[in-house]
Amino acid sequence: MAVSGYNAEVENFRDKEYPMLQGVTYLDHGGTTLYATSLMEQFTRDMTSNLFGNPHADSPSSQRSTTRVDNVRVRILKYFHADPEHFDVVFVANATAAIKLVMEAFRDHGEDRTSRIDTRGFWYGYHRDSHTSLVGVREVARAGHVCFSSDEQVDEWLSSPSLGGDDYASRSPSTPGLFAYPAQSNLDGRRLPLDWCRRLRQSESARHRNTYSLLDAAALVSTAPLDLSKSAVAPDFTAMSFYKIFGFPDLGALIVRKESAHVLLKRKYFGGGTVDMVISSREAWHARKSDSVHDQLEDGTLPIHSIIALQAAFDVHERLYGTPERVSRHTAFLARELYRGLSSLHHSDGEKVCEIYTDPSGLSQDATSQGPVIALNVRNCRGGWVGNSEVEKLAAVRNIHLRTGRICNAGGIAHSLGLSSSDMRRNFLAGQRCGDDNDIISGRPTGVIRLSLGSMSTHKDVSTVVEFFRDFYAERVPTVPEAPTVRVNEAESVMEVESLTIYPIKSCGGWKIPHGTPWEIKEEGLAWDREWCLVHKGTGKALSQKQYPRMAHLCPSIDLKQNLLRVRMRSASMDQPGRPPDLLVPLSEVLRPNTFEDQADHLKCQQTRVCGDAIIAQAYTDPEIGDFFTRLLNVPCTLARFPAGGCGPNTRHSKYPNQRRNKASESPILLSNESPILTISRPSLDCLNEQIRANGGKAAQPEVFRANIVLAASGDKTLAEGRAKAYEEDQWNYMRIGREHFQVRHYFSNRLTAEG
Ligand SMILES: *Cc1c(COP(=O)(O)O)cnc(C)c1O
């Protein structure tokens with residue numbers, strides 16, 4: 001069998017070292033990896049048994065801090081096989097801060113007021129696969145910038161001997177250049193050639209003169225070694241974040257090749273600790289420190305406690321995993337397994353379930369060209385895309401943590417998904433924003449699903465996530481071939497409404513409307529459904545259950561007789577003495593739009609955001625209401641109400657932002673992520689649950705899908721002919737309940753196209 005890494009060892013210590021992983025499948029190590037119990041314990045012991053002072057003094061406690069910081073610098077360099085004679089470590093907050101520090105220094109070039117020639121800042125070249133934090137540097141590159149859209153373009157640029165009329169470097173010889181790229185793409189895990197730094201340094205071409213390399217190693221070092229032992233060919237500047245290697249501390253570093261440090265020292269700003277003498281009077285003069293690179297670049301007091309924690313992080317990581325080479329072999333092995341599992345999933349017609357963007361040829365080799373990251377999208381059995389937010393929600397039901405979206409990597413996304421810049425601009429105009437739920441526009445995905453592995457990942461994690469995609473997305477029942485013409489329910493099926501549920505407060509528990517109660521249907525859905533939301537007092541944003549799972553225990557109900565919204569906390573024992581009394585809010589308090597001044601004191605109009613969309617909601621300022629939710633959820637928040645419909649695009653249908661936006665722009669291309677009335681069928685749910693149980697999972701309840709209407713097969717024997725079967729609703733175009741007709745749009749279905 002192939003080298004399987006240290007799986008058995010991790011299985012042995014994982015419960016103890018990573019208790020937070022029990023029952024969880026965590027596949028977002030590209031976001032951050034996790035800290036070990038031993039690391040936290042060693043750090044706490046160290047902190048409580050030693051006195052650490054501010055390093056800028058001579059007291060014993062200050063000296064102790066200084067010594068520790070010096071030692072940790074050496075430890076970092078050793079980890080990357082970097083000789084302290086040739087390299088220095090500058091502590092920063094994170095990889096982005098490291099990149100900004102380099103940017104700041106380059107930006108200040110040519111700003112010398114004593115010089116009369118304008119050497120115009122610097123020139124910047126960056127690779128398409130760059131993280132947003134690298135891309136942003138271009139905005140201050142006054143001598144021009146270039147995005148290399150392929151490795152071949154970089155190769156060509158590096159090997160071309162002349163300046164000959166290109167647009168790469170038409171800059172004056174004294175203007176510095178900066179070439180930046182990620183050592184590993186944070187999107188799909190592809191590892192880029194480290195050799196580019198050597199070629200740049202050794203190039204004799206005029207276009208490479210005075211040009212430096214900035215390597216963004218943040219994603220790479222999370223699961224791979226980085227060898228800086230040959231200083232002559234190493235990157236000039238290397239940026240990284242330590243939480244991506246160890247999970248803790250939240251700290252970053254810029255590793256600087258001393259021979260190139262002089263370019264950084266052009267920076268204008270000086271902060272506390274970086275100067276030997278400052279005169280602050282009319283005569284503005286200062287003398288910079290000259291002893292070490294880091295002394296001149298670290299502004300203010302160092303994050304000493306984080307640096308001290310870093311020592312524990314190195315110790316524990318080494319004890320648990322040995323070398324980064326071992327981590328690399330282990331995670332590469334798991335990534336191959338993951339790829340094999342996902343690529344083996346097929347629909348019954350033989351089509352693949354997962355469209356995988358990660359290049360398998362990289363996975364099959366040693367880990368030099370590919371990290372343990374799989375980026376993909378999911379297709380349903382008809383070849384249509386499944387929305388990423390749906391995948392994310394269903395994954396959360398199984399406690400699988402993954403990342404979806406554009407992953408801070410615009411160039412990589414465009415390349416993987418084949419989106420042109422005009423596609424991306426159009427998506428932006430259609431309302432797409434970072435972190436929203438608009439995951440399919442014009443029938444194409446706008447982001448990916450990223451599964452990233454880390455040092456403590458195991459076989460079990462891999463098999464759990466493969467199982468998840470199989471259970472929810474691989475078609476097993478043979479499919480009925482699609483009829484050539486659109487069917488308008490030609491064979492009617494008959495079902496019964498099993499229950500009607502509304503969710504008066506967005507993201508809180510549902511309330512089943514008692515049987516036999518007539519209920520009003522409005523244009524924006526069932527009456528009182530998602531009429532309220534909870535908003536964060538600081539940010540004004542609507543709270544979601546994803547962030548505050550306790551919201552599920554808040555049970556609102558509507559009492560039309562007493563004209564009240566009643567909110568009850570569901571607790572383990574209902575009459576527990578500590579259970580707070582129910583909150584009662586009158587239903588009749590509705591603000592008239594644009595007359596805010598006249599309103600009672602306890603309601604206030606406030607701009608808030610739902611699903612990334614700005615809407616107007618009216619927050620209740622009554623402290624009793626705010627305190628009720630704040631205490632129960634442990635976050636400063638209050639209740640807010642959506643104003644009654646009919647007062648403009650900002651409020652009407654504001655509960656369904658995509659639908660509203662769709663109407664406003666008259667654009668038929670958007671998939672509505674929220675349906676006004678969400679309907680689920682019992683036979684389909686039962687079928688899904690059978691599959692889940694067959695795989696040892698826990699059955700899902702209709703509430704998980706936040707359904708309003710649950711339909712059940714008709715109990716009427718005489719209608720046996722028309723009795724509904726699982727997934728039959730996929731064929732429906734409309735449904736009729738009583739005398740009302742409803743148009744059917746398909747949302748939570750693994751069988752319909754996204755445009756459905
Ligand atoms: C995570 C990451 C960053 C940003 O790191 P921060 O800690 O957020 O500054 C930059 N580049 C790559 C490749 C990354 O993976």
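In each ligand, atom 1 is the first atom listed, and ligand 1 is the first ligand listed. Scope of the values below: all heavy atoms of this structure, side chains included, with no hydrogens, waters or symmetry mates.
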Aromatic plane relationship, [Y] with [X] - under 30° parallel, 30 to 60° tilted, over 60° perpendicular:
X: Phe122; Y: Tyr124; answer: perpendicular
X: Tyr79; Y: His317; answer: perpendicular
X: Tyr6; Y: Tyr321; answer: tilted
X: Trp157; Y: Phe179; answer: tilted

With heavy-atom distances below 4.0 Å as the criterion, list the atoms of ligand 1 near [X].
X: Gln184; value: 13 (C)
X: Ala219; value: 13 (C), 15 (O)
X: Asn186; value: 13 (C), 15 (O)

[atom]: nearest protein contact (heavy atom, Å):
atom: atom 5 (O) of ligand 1; value: Ala95 CB, 3.7 Å
atom: atom 12 (C) of ligand 1; value: Asp216 OD2, 3.3 Å
atom: atom 8 (O) of ligand 1; value: Tyr243 OH, 3.5 Å
atom: atom 9 (O) of ligand 1; value: Thr96 OG1, 2.5 Å
atom: atom 2 (C) of ligand 1; value: Lys244 NZ, 2.4 Å

(message) Taking distance alone, with N or O pairs closer than 3.5 Å, would you say Ser133 contacts ligand 1?
(response) no
(request) State whether a side-chain donor-acceptor pair under 3.5 Å links Thr25 with Asp461. (result) no
(message) Using the rule side-chain contact (heavy atoms from CB on, under 4.5 Å), only one of Thr274, Val92, Leu101 pairs with Leu297; which is it?
(response) Leu101
(message) Does this structure show an ion pair linking Arg450 with Asp28, if we count only N-O contacts that are shorter than 4.0 Å?
(response) yes
